[in-house]
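Structure first, then comments.
Keep in mind that this is a model prediction, so the values were computed, not measured. Below, all heavy atoms of this structure are taken into account, side chains as well, without hydrogens, waters or symmetry copies. For reference, positions follow the sequence shown, starting with 1.
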Amino acid sequence: MKLSTESIVNNKQAWAEKGFKMPAYDTEAVKRKTMDSPRWIHFGAGNIFRGYIACLQDELLDSGDADSGIIAVDSFDAETIEKIYDPFDDLVLLVGLRAQGDRYLRVIGSIGGALCAKGDGFAQLKKYAENDSLQMISFTITEKGYAVKDMKGEVFPFVKDDIKAGPEGQLNSAMSMIAAMLYARFRAGAKPIALVSMDNCSRNGDKLREGVMFTAKAWAENGLAGEDFIAYLESGKVSFPWSMIDKITPRPDSGVCDELTAMGIEDMQPVQTDRGTFIAPFVNAEMPQYLVIEDDFPNGRPPLEKAGVYLTDRETVDRAEKMKVMTCLNPLHTALAVFGCLLGHKKIAEEMEDADLRELVYRLGYGEGLPVVVDPGIIRPEDFLKEVLEERLPNGNLPDTPQRIATDTSQKLAIRFGETIKAYAEKGTSGELTLIPLVIAAWLRYLTGIDDKGEAMPLSADPMLEEMQKTVRPEWYGSTCDADKVRSILTNSTLFGTDLVKAGLADKITAYLDSMLAGKGAVRATLKSAF
């Protein structure tokens, strides 16, 4: 059996007998409708899109509440489309990994087309953007996908090239591409649309808006677009709603691949692209999932609430996002990521069997996060945290690794810890924090590239890695850090969300770092001493 349109049509019963939930609609008819009258385009063709967002539309198609699908776009890695979408007719196998050990199996057919946002693909996207039917463009491109400047506040060279090229030129960044699509939509009649970031970052709609507006205004200043285009973007016809998303979709696991192969399903092997994307025809994911979106769609929207999405106001989204990203999940993930790498763990669930790390995240969640969380009203924080600690993180069937979560840590610290530190600072109690300073110190210790056994360890990809390692040196291991250099890092409010020296945490972080640099076993000893 091969994952293809022909197979799921002609061998539908065989797929169902293997336990797969199958599309209850004509996938080819949905594709034709999607390309003729596109309603939804999504940038970011990776696992969270395929295993969650596409599944939402699959639900609506099954129930008859939608008649078209989603056009998937990759602006970063063309091989994803070439190797995972095209050979499998844009179909996806979802493997839900329940904590009890059983699987949830589903064939998702809601992707109505897949494009690389370069060359002919980008020309097609601009044509789609002109269509009256288009209601939204959504995104899962990670937080760095919205950036137009580096940590020093300097515009990236590729963004400078986009500014010179203008909306009709060959563009590099996702933000410039979106600005050009909006320019096409403006010229076709200034039609309304929603741009919906579904990325896991604070006030994601604002980040998207800032990235798009930066390029658009630069074009207007250079005479490559008119001020009437800027007026259109600011008129309310183009919305940038906030959202909060939560579902863990790790890189494809070889064990899951083997299970699918044993079932007789062909060509399930993961591939790694030249740009480092690790992806497979299947998505393995946890079952818990949450999506909260600000209900601001100037040209209408799919009835996503019928698929379990919370449609609400901006304040509620903000509270739900803060609950998850700043207190009840993401900070715990980052803590497990940096300590897991240092202590040699290979799975998050394995870390939850480590008494010290389990104690760390319980105290971090209940002791330092929950006291400053604001109840969003739609999800009870205590219940959410309990599910995270007792069901999600310990799920041994979820092949998630600290090394994956340690990716791009420099881009996450401001969100995952900065706002909580500021909340304590406003009460004058930031000096009472113990575990957040410990995790920040552990990240600095991680950057030495030496684990707790004193051995070299690989570091996960991070746009700030090279810059940070100019200051945080491997030579510190077995000695002490350069306190002045560490303090200079800790004043970086862009990196940490606030000035940690002014917050009164620099001495504590430096002391923890020195303790963890002492030699073999020092990370473990410091962790134990913090409780």
Side-chain angles (χ1 to χ4, degrees), residues 41-45 73-78 115-130 134 136-191 193-197 199 201 203-240 275 408 410-411 414 463-464 466-467 494-495:
I41 296 173
H42 184 89
F43 273 68
V73 181
D74 202 305
S75 59
F76 173 74
D77 196 336
L115 294 170
C116 173
K118 300 287 184 182
D120 292 343
F122 187 52
Q124 183 62 57
L125 284 171
K126 288 198 284 188
K127 289 182 180 178
Y128 285 147
E130 297 172 356
L134 189 63
M136 71 165 157
I137 306 173
S138 57
F139 304 82
T140 50
I141 55 176
T142 76
E143 187 165 3
K144 62 186 177 183
Y146 304 98
V148 293
K149 298 179 181 179
D150 62 22
M151 282 287 183
K152 296 179 180 178
E154 297 176 359
V155 179
F156 288 121
F158 59 86
V159 176
K160 291 180 180 178
D161 291 342
D162 289 348
I163 290 170
K164 291 178 183 177
E168 305 296 343
Q170 296 295 318
L171 303 174
N172 303 290
S173 77
M175 296 299 94
S176 301
M177 292 172 186
I178 295 303
M181 289 173 68
L182 290 173
Y183 186 68
R185 192 165 181 81
F186 163 69
R187 296 185 67 182
K191 299 165 185 176
I193 192 170
L195 272 61
V196 188
S197 170
D199 269 300
C201 53
R203 302 185 177 187
N204 47 21
D206 285 356
K207 285 182 170 56
L208 172 56
R209 183 182 188 280
E210 289 162 7
V212 171
M213 293 302 295
F214 179 85
T215 302
K217 287 183 176 180
W219 286 340
E221 289 169 4
N222 293 344
L224 298 172
E227 288 298 330
D228 50 353
F229 173 50
I230 305 303
Y232 160 68
L233 297 178
E234 295 177 337
S235 67
K237 286 187 173 182
V238 181
S239 69
F240 298 85
R275 302 204 68 172
D408 299 338
S410 69
Q411 310 298 293
M464 284 290 289
E466 184 178 350
E467 184 68 25
T494 301
L495 183 58

request  = Tell me, with the steps shown, if Lys160 and Glu154 meet side-chain contact (heavy atoms from CB on, under 4.5 Å).
outcome  = CA-CA 10 Å; Lys160 291 180 180 178; Glu154 297 176 359; over 6 Å; no
Which value, rounded to the nearest 0.5 Å, describes the distance between [X] atom [atom1] and [Y] atom [atom2]?
X: Phe76; Y: Lys118; atom1: CZ; atom2: NZ; result: 10.5 Å
X: Leu171; Y: Ile163; atom1: CG; atom2: CD1; result: 11.0 Å
X: Thr494; Y: Lys152; atom1: OG1; atom2: NZ; result: 12.5 Å
X: Phe43; Y: Ile137; atom1: CZ; atom2: CD1; result: 6.5 Å
X: Phe139; Y: Ser75; atom1: CZ; atom2: OG; result: 9.0 Å

Whether [X] side chain and [Y] backbone form a donor-acceptor pair below 3.5 Å:
X: Asp199; Y: Ile141; answer: yes
X: Arg185; Y: Leu134; answer: yes
X: Lys237; Y: Ala190; answer: yes
X: Ser173; Y: Val159; answer: no
X: Asp162; Y: Asn172; answer: yes
X: Lys217; Y: Ile230; answer: no
X: Asp74; Y: Cys116; answer: no
X: Tyr146; Y: Ala174; answer: no

Specify the closest pair of heavy atoms between [X] and [Y], including all atoms of both residues, with the distance to one decimal.
X: Val148; Y: Gly211; result: CG1-O, 4.0 Å
X: Arg275; Y: Asp77; result: CB-OD2, 3.5 Å
X: Ala117; Y: Leu125; result: CB-CD1, 4.0 Å
X: Pro167; Y: Ala180; result: O-CB, 3.6 Å
X: Leu224; Y: Gly166; result: CD1-CA, 3.7 Å
X: Ser197; Y: Gly205; result: CB-N, 4.3 Å

query = Taking the inter-plane angle between the rings of Phe186 and Tyr183 on a 0 to 90° scale, is it parallel (under 30°), tilted (30 to 60°) or perpendicular (over 60°)?
reply = tilted
Non-hydrogen side-chain atoms of [X] and [Y] separated by less than 4.5 Å:
X: Asp206; Y: Phe240; result: no
X: Lys207; Y: Cys201; result: yes
X: Asp408; Y: Met464; result: no
X: Leu233; Y: Phe229; result: yes
X: Leu182; Y: Leu195; result: yes
X: Met181; Y: Val212; result: no
X: Leu115; Y: Gln124; result: yes

ask   = After noting the C-alpha distance and the side-chain angles of Glu143 and Asn204, does the key distance pass the side-chain contact (heavy atoms from CB on, under 4.5 Å) rule?
value = CA-CA 8 Å; Glu143 187 165 3; Asn204 47 21; over 6 Å; no
inquiry  = One thing to verify: whether Arg203 and Glu210 come together as a salt bridge, which I'm taking to mean a side-chain N less than 4.0 angstrom from a carboxylate O.
reply    =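 Judged by the 4.0 Å cut-off on N to carboxylate O distance, Glu210 and Arg203 do not form a salt bridge.
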task = Evaluate side-chain contact (heavy atoms from CB on, under 4.5 Å) for Lys126 paired with Glu168, printing each intermediate quantity in order.
result = CA-CA 10 Å; Lys126 288 198 284 188; Glu168 305 296 343; 3.8 Å; yes
